Amino acid sequence: MKDANASDNERARIERRVRELLYDYFDQFGMSSQVGAESEPLREVKPWMEQLISDIESNELRQYERQAREAAEKASTLLRGEFINALTARIGKMERELQSLNRSLYAHPFHNERYSFHRTQMVEFQPILKIIEIAKTSPEALDMLFRGDVPDDFPHKDTIVALEALLEDPDKDFAQFEDYRNFYTFEIHMEDVATGRSTRWEQRRGTGSGAEQQVPIYVAIGASLAAVYGSAERRAGKPAGFALAMFDEAFSKMDGKNQRQMMSFYKNLGLQFVIAAPFEKRVAVLEHMDTIVEVDRIGEQSRATVVELKEKAKRELMAIDPDLMSEDELATRLAAE
């Protein structure tokens, strides 16, 4: 008799607990038209619950699985088409611009040094750069992104996993991934023409002469303007903007030879320059100027004189410029005088 009473009490306790859970379930997910909190647990609630579980497993979970798979495929397609391909094009353009800049710099040494731009990959963005290289030869590798079942023997699995971790990092702003310049650090190197010894600008900064400090800055300015204007990649017969570069007290610490090299470098980049410089500096830049505006101040008044230089005049001025003569030519001219 005691065991029967205990069983009845336990059954009643379980039924109360079932009804409490049903109340919570209906409060969270809405009422059911088939059962309620007062329904008989074994005869009514249990069959309803079993049917509900069966429906979720056979229909809803499969639907969510399909939606997740479609989302992963869409993400992979977008990553390949609108992210990887776009980055590949931008990085390719950057490489062409660097090559063009370095070709121009090679032809214009400063202080007997050849300047060049170099880039170094940032470690944290290497998975993106690796997948770009992989996609060039194995575009099908991108199909494995966000699948979650990359085979262990897949040759690019480590890169895929690293890229997914990078893109899914909640602390990363996706805008960082869209700008390829975040993937690299850029430096200027100087190579001695005679010895071939190379030095980075970071190593020399603050230690060279005034002119040596100024040249890398003007080189970087010219490269930046050419990149903004796209002037370094101009092609014959194609329309181009005026790519204006303006300087006040231009090249103030450089000698005539380095000023000429800088002006010639800028011309090769397709830049058109307007410079303000003291009178004594003009002889070094005449060969690159088309128009000179001389401004004289007399008391409280100013006077401007405009001089247009023709090609013949430029050639004749260059012919008598001692900076452009060889040692033999200079000796001959001095002896004649």
Side-chain angles (χ1 to χ4, degrees), residues 28-29 56-57 59-102 116-189 200-203 205 216 220-221 223-230 232-233:
Q28 185 173 356
F29 297 104
I56 292 174
E57 290 179 343
N59 296 317
E60 293 191 28
L61 287 183
R62 290 183 181 276
Q63 177 184 348
Y64 294 140
E65 180 184 9
R66 184 178 65 254
Q67 290 175 351
R69 186 169 57 253
E70 291 173 351
E73 291 173 356
K74 183 177 181 180
S76 178
T77 301
L78 288 173
L79 188 70
R80 179 171 59 249
E82 299 184 16
F83 180 63
I84 298 297
N85 290 346
L87 277 180
T88 300
R90 290 170 188 165
I91 290 174
K93 183 174 183 293
M94 173 204 69
E95 291 174 344
R96 292 192 300 273
E97 289 177 346
L98 283 181
Q99 291 170 2
S100 177
L101 288 170
N102 288 339
S116 58
F117 286 93
H118 295 259
R119 70 186 188 281
T120 304
Q121 294 182 3
M122 297 286 287
V123 174
E124 63 178 311
F125 293 110
Q126 281 186 347
I128 294 178
L129 296 172
K130 285 183 180 178
I131 204 67
I132 288 174
E133 290 303 313
I134 291 170
K136 291 178 181 178
T137 56
S138 304
E140 67 279 0
L142 297 179
D143 295 334
M144 304 300 291
L145 284 167
F146 305 114
R147 282 184 46 173
D149 58 350
V150 182
D152 291 336
D153 60 352
F154 185 68
H156 307 300
K157 179 176 181 178
D158 291 344
T159 301
I160 296 293
V161 172
L163 178 61
E164 290 176 351
L166 179 64
L167 296 177
E168 293 173 350
D169 186 346
D171 296 327
K172 292 288 186 183
D173 182 357
F174 195 81
Q176 290 180 281
F177 306 131
E178 296 179 306
D179 190 342
Y180 68 87
R181 291 170 296 185
N182 293 324
F183 306 161
Y184 302 94
T185 56
F186 296 89
E187 294 181 315
I188 296 178
H189 289 195
R200 293 186 298 111
W201 166 237
E202 286 296 322
Q203 295 173 317
R205 187 167 57 179
I221 290 172
S224 299
L225 290 174
V228 170
Y229 289 128
E233 289 194 324

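A quick note: this is a predicted structure, and the numbers were derived from the prediction, not measured.
Residue Asp158 holds its CG atom at 12.5 Å from CG of Leu163, rounded to the nearest 0.5 Å. Summarising the geometry, atom OH belonging to Tyr180 is positioned 6.5 Å from atom NZ belonging to Lys93; distances are rounded to the nearest 0.5 Å. The structure places CD of Gln126 at 12.0 Å from CZ of Phe183, a figure rounded to the nearest 0.5 Å. Note that OG1 of Thr159 is 12.0 Å distant from CD1 of Ile128, once rounded to the nearest 0.5 Å.
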Checking Asn102 against Gln99 for the side chain to side chain contact (heavy atoms under 4.5 Å, CB included) test, could you report, in this order, the C-alpha distance in whole Å, the side-chain angles of both residues, the deciding distance, and whether it holds? CA-CA 5 Å; Asn102 288 339; Gln99 291 170 2; 5.9 Å; no
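Every residue meeting the side chain to side chain donor-acceptor pair (under 3.5 Å) condition with Glu95, not counting sequence neighbours, appears here in chain and number order: Arg119. Partners of Arg90 according to the side chain to side chain donor-acceptor pair (under 3.5 Å) rule, which considers only residues two or more places apart in sequence or in another chain, do not exist here. Residues forming a side chain to side chain donor-acceptor pair (under 3.5 Å) with Ser116 (at least two apart in sequence, or on another chain): His118. Residues satisfying the ring-ring contact (aromatic ring centres under 6.0 Å, His included) criterion with Phe117, sequence neighbours excluded, are absent altogether. Shown here are the side chain to side chain donor-acceptor pair (under 3.5 Å) partners of Asp153, two or more places apart in sequence or in another chain: there are none.
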Name every donor-acceptor pair, under 3.5 Å, that has one atom in a side chain of residues 130-137 and the other anywhere in the protein, sequence neighbours excluded.
from, atom 1, to, atom 2, distance (Å)
Glu133, OE2, Lys136, NZ, 3.1
Thr137, OG1, Ile134, O, 3.4

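Using bins of under 30°, 30° to 60° and over 60° for the plane-to-plane angle, the ring pair Phe186/Tyr184 lands in the tilted bin.
Summarising the local packing, CZ of Arg200 is surrounded by more than 12 heavy atoms from other residues, nucleotides or ligands at distances under 6.0 Å.
Nearest approach of Pro151 to Lys157, heavy atoms of both residues: O-CD, 3.4 Å. Nearest heavy-atom pair, Leu101 versus Ala223, reported as atom, atom and distance to 0.1 Å: CD1-CB, 3.7 Å.
No side-chain donor-acceptor contact under 3.5 Å links Ser100 to the backbone of Arg96.
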